[in-house]
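What follows is a set of notes on a single structure, which appears directly below.
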Amino acid sequence: MVKLARTDSGNPHFAELVTLLDADLHVRDGDDHSFFAQFNKLTNIRHVVVAHLDSLAVGCGAIKQYTPDTAEVKRMFVLPEFRGQGIAGQVLQELERWAAELHFKNLILETGKAQPEAIRLYTKSGYTVIPNYGQYQNIESSVCMQKALNQARML
């Protein structure tokens, strides 16, 4: 059974998973990786979820305040050998609950066209494509998405 732990960016399991995520993204993004990497620093991320199977950290995700009423989903990742088991969906749902507890009204995120499995997860989870925001404006390989949170349903 998957156990979800709320933590922060100082968590060593989160750091290990993000290292693997960055290696995967480097392959997928190619020459664009350094552009995206500058927006994915781990310092001061206060809201991190790590998924464990037994004692093994198998997945993670985070939220970070973007505006007073909107948080951004960051650093979503599941180890390749554990994909397809619903772990990413569980991490995302926990992030959504936490965001609602923190009184955010919306979640936004950026993913890449080279990550079709992520786009499927977010679409299945109720996220819709929006115009690229912030630093992702005019970046053709980016896909930005949003979901309105219903606080009453999430708590």
Side-chain angles (χ1 to χ4, degrees), residues 1-30 32-53 56-67 70-102 104-130 132-136 139 141-149 154:
M1 181 168 84
V2 175
K3 294 192 184 212
L4 301 174
R6 290 182 178 186
T7 185
D8 62 29
S9 59
N11 181 286
H13 291 147
F14 178 64
E16 291 170 18
L17 289 166
V18 167
T19 298
L20 296 171
L21 167 62
D22 286 338
D24 180 65
L25 291 175
H26 185 70
V27 170
R28 291 177 191 244
D29 294 337
D32 292 335
H33 180 69
S34 60
F35 169 79
F36 293 110
Q38 69 180 317
F39 305 117
N40 291 315
K41 305 296 182 210
L42 296 185
T43 53
N44 300 319
I45 297 178
R46 297 180 8 216
H47 305 100
V48 169
V49 172
V50 177
H52 294 88
L53 279 174
L56 181 64
V58 297
C60 64
I63 54 173
K64 189 174 182 181
Q65 183 172 347
Y66 187 77
T67 68
T70 300
E72 185 177 21
V73 176
K74 305 290 285 178
R75 316 293 24 216
M76 287 288 297
F77 180 73
V78 173
L79 292 173
E81 60 269 31
F82 293 97
R83 292 179 185 163
Q85 299 178 33
I87 295 168
Q90 291 178 55
V91 169
L92 186 59
Q93 286 178 343
E94 184 66 10
L95 290 170
E96 290 171 356
R97 276 191 288 278
W98 203 356
E101 290 169 19
L102 295 167
F104 289 110
K105 294 182 173 117
N106 302 292
L107 284 174
I108 58 172
L109 61 88
E110 182 275 341
T111 191
K113 290 181 180 174
Q115 299 168 337
E117 66 281 7
I119 295 169
R120 279 192 302 276
L121 166 69
Y122 298 130
T123 301
K124 180 177 150 184
S125 300
Y127 289 76
T128 56
V129 174
I130 59 172
N132 288 2
Y133 59 87
Q135 63 268 25
Y136 306 112
I139 305 299
S141 61
S142 286
V143 176
C144 292
M145 304 180 90
Q146 177 177 1
K147 181 177 183 177
L149 298 177
M154 303 299 294

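Just the heavy atoms: all of them, side chains too, but no hydrogens, waters or symmetry mates, feed the values below. The shown structure was predicted, so the numbers you read here are calculated from the model rather than taken from an experiment.
For Tyr133 and Glu72, the side-chain atoms include at least one donor-acceptor pair closer than 3.5 Å.
Atom CG in Asp8 sits 9.5 Å away from atom CZ in Arg46 (nearest 0.5 Å). Rounding to the nearest 0.5 Å gives a distance of 9.0 Å between CG of Asn106 and CD1 of Ile130. Distance CD/Gln115 to OG/Ser141: 9.5 Å, rounded to 0.5 Å. The distance from atom OG1 of Thr70 to atom CG of Leu149, rounded to the nearest 0.5 Å, is 9.0 Å. Atom-to-atom distance recorded for Ile87:CD1 and Leu79:CG is 8.0 Å, nearest 0.5 angstrom. The CD atom of Gln93 sits 10.5 Å away from atom CG of Leu95, with the distance rounded to the nearest 0.5 Å.
Closest non-hydrogen pair, Phe14 versus Cys60, comes out as CD1-CB, 3.7 Å. Closest non-hydrogen pair, Ser142 versus Lys113, comes out as O-CE, 4.3 Å. Here the closest heavy-atom approach between residue Ala88 and residue Leu121 is recorded as CB-CD2, 3.7 Å. Nearest approach of Val91 to Gly61, heavy atoms of both residues: CG1-N, 3.7 Å. Heavy-atom minimum distance, Leu107 versus Ala99: CD2-CB, 3.9 Å. Taking all atoms of both residues into account, the shortest heavy-atom contact from Cys144 to Tyr136 is SG-CB, 4.0 Å.
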Walk me through it: do Val48 and Asn11 pass the test side-chain contact (heavy atoms from CB on, under 4.5 Å)? CA-CA 9 Å; Val48 169; Asn11 181 286; 5.5 Å; no

Please assess Leu21 against Met76 for the test side-chain contact (heavy atoms from CB on, under 4.5 Å), listing each intermediate value before the final yes or no. CA-CA 8 Å; Leu21 167 62; Met76 287 288 297; over 6 Å; no

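Under the side chain to side chain contact (heavy atoms under 4.5 Å, CB included) criterion, Pro12 pairs with no residue at all, not counting sequence neighbours. Evaluation of the side chain to side chain donor-acceptor pair (under 3.5 Å) rule for Thr19 yields no partner, not counting sequence neighbours. Shown here are the ring pair (Phe, Tyr, Trp, His ring centres under 6.0 Å) partners of Phe82, two or more places apart in sequence or in another chain: there are none. Not counting sequence neighbours, His47 has no partner by the side chain to side chain donor-acceptor pair (under 3.5 Å) test. Taking the salt bridge (Lys or Arg N to Asp or Glu O under 4.0 Å) definition, one finds that Arg6 meets it with Glu94, Glu101, sequence neighbours left out.
Lys147 contributes a side-chain N or O that, together with a main-chain N or O of Ser125, makes up a donor-acceptor pair within less than 3.5 Å. A side-chain donor-acceptor contact under 3.5 Å links Asn132 to the backbone of Ile139.
Using a 4.5 Å cut-off on side-chain heavy atoms (C-beta onward), Met145 and Thr123 make contact. Using a 4.5 Å heavy-atom threshold, the side chains of Phe104 and Glu96 count as separate. Contact check for His52 versus His13: side-chain heavy atoms found under the 4.5 Å cut-off. Looking only at side-chain heavy atoms (C-beta outward), Leu53 and Val2 come within less than 4.5 Å of each other. Contact check for Ile63 versus Leu102: side-chain heavy atoms found under the 4.5 Å cut-off. Between Val78 and Gln85 there is no side-chain heavy-atom pair separated by less than 4.5 Å.
Residue pairs that meet the ring-ring contact (aromatic ring centres under 6.0 Å, His included) test with at least one member in residues 105-128, sequence neighbours left out, are Tyr122-Tyr127.
Across Leu17, Val49, Val18, a single residue satisfies side-chain contact (heavy atoms from CB on, under 4.5 Å) together with Arg75, and that is Val18.
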